[in-house]
Amino acid sequence: MRSFADMNPAAVTVHLLLTACITIFCMEPLLLGISLLCAVTFYLVKNGGANRGFHLFALGVPALFALLNPLWNQHGTTVLFVLNDRAVTAEALCYGAVTGIRLAAVLYWFRIFSELTDSEKLFYLFRFLSPRIAMVLSMAIRNLTLYREQMKKIRQSQKALGLYREAHLIDDIRGGVRIFSVLLTWALENGIITANSMTARGYGTGRRSSYTTFRWHMRDAVLLGVSLVLAAVCIRSAAAGAMHWEFYPVCDAPPHGLLWFAGVGAYLLLSLLPLIYEGKEALTWHRLRSRI
Amino acid sequence: MIVLKSARLRSLLRTALPFLIMPAIILVTALGWRAEHYALVSFVMVLLALLLFLSGFEKREIGTRRMILVSVMTALSVVGRLLPLLKPITALTVLSAMYLGSEAGFLVGALSAVLSNFVMGQGPWTPFQMFAWGIIGFLAGLLAKPLRRSRLLLFCYGAVSGLTYSLLLDVWTVVWTYGEFTLREYAAAAMTALPYTVLYAISNLLFLMLFAKPVGDKLHRIEVKYGL
């Protein structure tokens, strides 16, 4: 069964970036609610409730901001109560809640992005920018594990030599710096050797052929096209001010005209796209299985 | 497949970005748009600035050895977390910039941000971190001569760049939580983040004190030995 993550990373990235950016862009509580709900649902569908720490962070920090905003912010006209000679207004409370929802939604979308994008996909995305940077980054990723292994070896030999003690913090830091220093010498020489053998094999002398693990299929093109069209509708609607609430001095919603419906509807579809795709795939899977 | 493969497009981008596109965005924002678009505009601007630097890197003949050393230093700055909470990225970025040049410094800083966020979690803050660390590295490369001569100056640069980094990231916090930038909210955010800012400046100083001698000597040795 295919999942949303198996689509071409470029199409997935464009879709998620558009979804997240429109969330930041619009001050329309309904749209932000849709955004947060879709993001949380998709994240839960993909990961289950496993990552409690992230949920706590992504919902807790915005909630804190939402609660603190009325304490700092004195704008607004409807005074709810007075605290320490400072007026707490209903408008500031609303504004805080809406910005909190917006922050949480953006955090979830980016979390989904990093869950879906492993290092290989990031490497692929960087190639759009510059093949050379992609090369450096992918070598750095490989070096990470290489150096961790080497560090372990160095630590063991330092211990065997009696040079490394963990008696107290200063000793620990000194030992750590020594290990790092040994690792650095080794890593630099190793890097030069790598560079030499790359030069010997003709790196950088001519055009390089390249191999990509990710191909463009019809479904990727459809995802890209649909996301772009839906985002364009949203942005058109937002640019006309159809989805912009004013909070100060009083909460003021824009009139619910055609543009408003178009914008919110397009955004609903846009943020539902991953769920729709996964649902469609699951349906196909079950239908084919029952037929056999 | 690769958008920036053609050299002509890259050079066009390099001239168009700083002189046409970026001022145009600033003008349009300043004249017509509402404050809510600050977040988006700043995000786009930072992305464009990164694109500018990175497309410049693609064109320059930087040499295979230097390129590999950039990837080595990037990986080391992520591996070298000797103490919990403290990151040596700034210290190693500054040191690499001093010995490998400002472009290499920019890359070590920017790519370390990407790489360490694989562990810490990518987010909308990644481009800002890339930009902040990249600029710290780039400036250190420009100041390489005085920084190599005076240890005291190097330590000062480390502490100041730690402060600058935190203050830059506080701008991000304000713009993204409130959707607009006001001095009062910036001051509030900076005050809340004060312990981290201080911790950050101290940790930079500490790592530079620990690493300046061994790392500096070794990079210098590589520089002399292989004629970089």
Side-chain angles (χ1 to χ4, degrees), chain A residues 20-21 24-27 54 62 65 69 72 99 102-103 106-107 110-111 113-114 117 119 122 127-133 135-144 146-148 151 172-173 176-177 179-181 183-185 187-192 194-196 198-199 203-204 210 212 244, chain B residues 1-5 10 34 36-37 39-40 43 50-51 54-55 57-58 61-76 78-80 82-83 88 107 111-112 114-115 117-118 121-126 176-179 184-185 188 210-211 214-215 218-219 221-222 225-226:
Chain A
C21 283
I24 308 154
F25 198 53
C26 290
M27 271 310 245
F54 172 70
F65 267 111
N69 184 57
W72 289 332
T99 35
R102 178 170 68 177
L103 189 65
V106 171
L107 285 175
F110 273 89
R111 180 70 185 195
F113 174 70
S114 52
T117 318
S119 57
L122 201 78
R127 286 178 38 159
F128 284 92
L129 209 60
S130 146
R132 207 186 252 172
I133 302 275
M135 178 87 181
V136 171
L137 193 66
S138 97
M139 289 183 80
I141 290 169
R142 191 268 170 277
N143 284 344
L144 265 186
L146 183 69
Y147 293 168
R148 290 218 172 101
M151 222 166 172
D172 206 21
I173 294 174
V177 170
I179 288 170
F180 187 77
S181 173
L183 176 69
L184 179 77
T185 314
L188 288 175
E189 287 292 339
N190 189 54
I192 293 287
T194 313
N196 284 350
M198 278 167 73
T199 317
Y203 177 80
S210 54
T212 50
H244 181 76
Chain B
M1 201 73 244
I2 293 157
V3 176
L4 292 178
K5 211 173 201 172
R10 273 202 307 268
R34 290 182 298 263
E36 288 73 42
H37 305 307
L40 193 78
F43 189 69
L50 279 175
L51 199 67
L54 297 181
S55 62
F57 179 69
E58 185 61 29
E61 272 307 317
I62 193 168
T64 312
R65 277 180 178 165
R66 202 178 288 248
M67 201 182 97
I68 302 302
L69 289 181
V70 166
S71 84
V72 168
M73 292 309 290
T74 306
L76 281 173
V78 180
V79 169
L82 305 174
L83 302 164
L107 280 176
L111 295 180
S112 300
V114 180
L115 209 60
N117 281 0
F118 269 123
Q122 307 276 0
W125 52 82
T126 306
W176 275 68
T177 39
Y178 297 104
R184 250 187 63 204
E185 272 143 4
L210 289 173
F211 284 160
V215 178
K218 276 161 195 179
L219 283 173
R221 176 177 159 276
I222 289 285
K225 186 175 173 187
Y226 296 103

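Numbers restart at 1 for each chain; the letters A, B, ... are given by sequence-line order, proteins then strands.
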With sequence neighbours left out, what residues match A:Phe54 under ring-ring contact (aromatic ring centres under 6.0 Å, His included)?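 Scan of A:Phe54 (ring-ring contact (aromatic ring centres under 6.0 Å, His included), adjacent residues dropped) gives A:Tyr43, A:Tyr108.
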Nearest 0.5 angstrom please: [X] [atom1] to [Y] [atom2], how far?
X        : Y        : atom1 : atom2 : result
B:Leu115 : A:Leu137 : CG    : CG    : 6.0 Å
A:Phe110 : B:Asn117 : CZ    : CG    : 11.5 Å
B:Leu111 : A:Met139 : CG    : CE    : 13.0 Å

Closest heavy-atom pair and its distance - A:Leu188, B:Met73: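 Nearest heavy atoms, A:Leu188 then B:Met73: CD2-SD, 4.3 Å.
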Taking every non-hydrogen atom, the tightest pair across B:Ser71 and A:Ala140: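 So the two residues come closest at O-CB, 3.7 Å.
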Can you name the side chain to side chain donor-acceptor pair (under 3.5 Å) partners of B:Ser112, sequence neighbours left out?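 Side chain to side chain donor-acceptor pair (under 3.5 Å) check on B:Ser112 returns B:Ser77.
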Quick one: do B:Arg221 and A:Glu189 make a salt bridge, cutoff under 4.0 Å?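 Yes, charged N to carboxylate O under 4.0 Å.
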Specify which of A:Thr194, A:Ile192, A:Thr199, A:Asn196 makes the most heavy-atom pairs with chain B at under 4.5 Å.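 When all of A:Thr194, A:Ile192, A:Thr199, A:Asn196 are compared, A:Ile192 has the most.
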Please identify, among A:Thr117, A:Asn143, A:Leu183, A:Asn190, the residue contributing the most non-hydrogen atom pairs under 4.5 Å to chain B.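 Ranked by heavy-atom pairs under 4.5 Å with chain B, first place is A:Asn143.
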pair A:Tyr147-B:Val72: side-chain heavy atoms closer than 4.5 Å: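 Yes, at least one pair of side-chain atoms sits under 4.5 Å.
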Show your working on side chain to side chain contact (heavy atoms under 4.5 Å, CB included) between A:Leu184 and B:Leu76 and close with a plain yes or no. CA-CA 8 Å; A:Leu184 179 77; B:Leu76 281 173; 3.2 Å; yes
Please state whether the side chain, the backbone, both or neither of A:Leu146 comes within less than 4.5 Å of a heavy atom of chain B.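 Neither the backbone nor the side chain of A:Leu146 comes within 4.5 Å of chain B.
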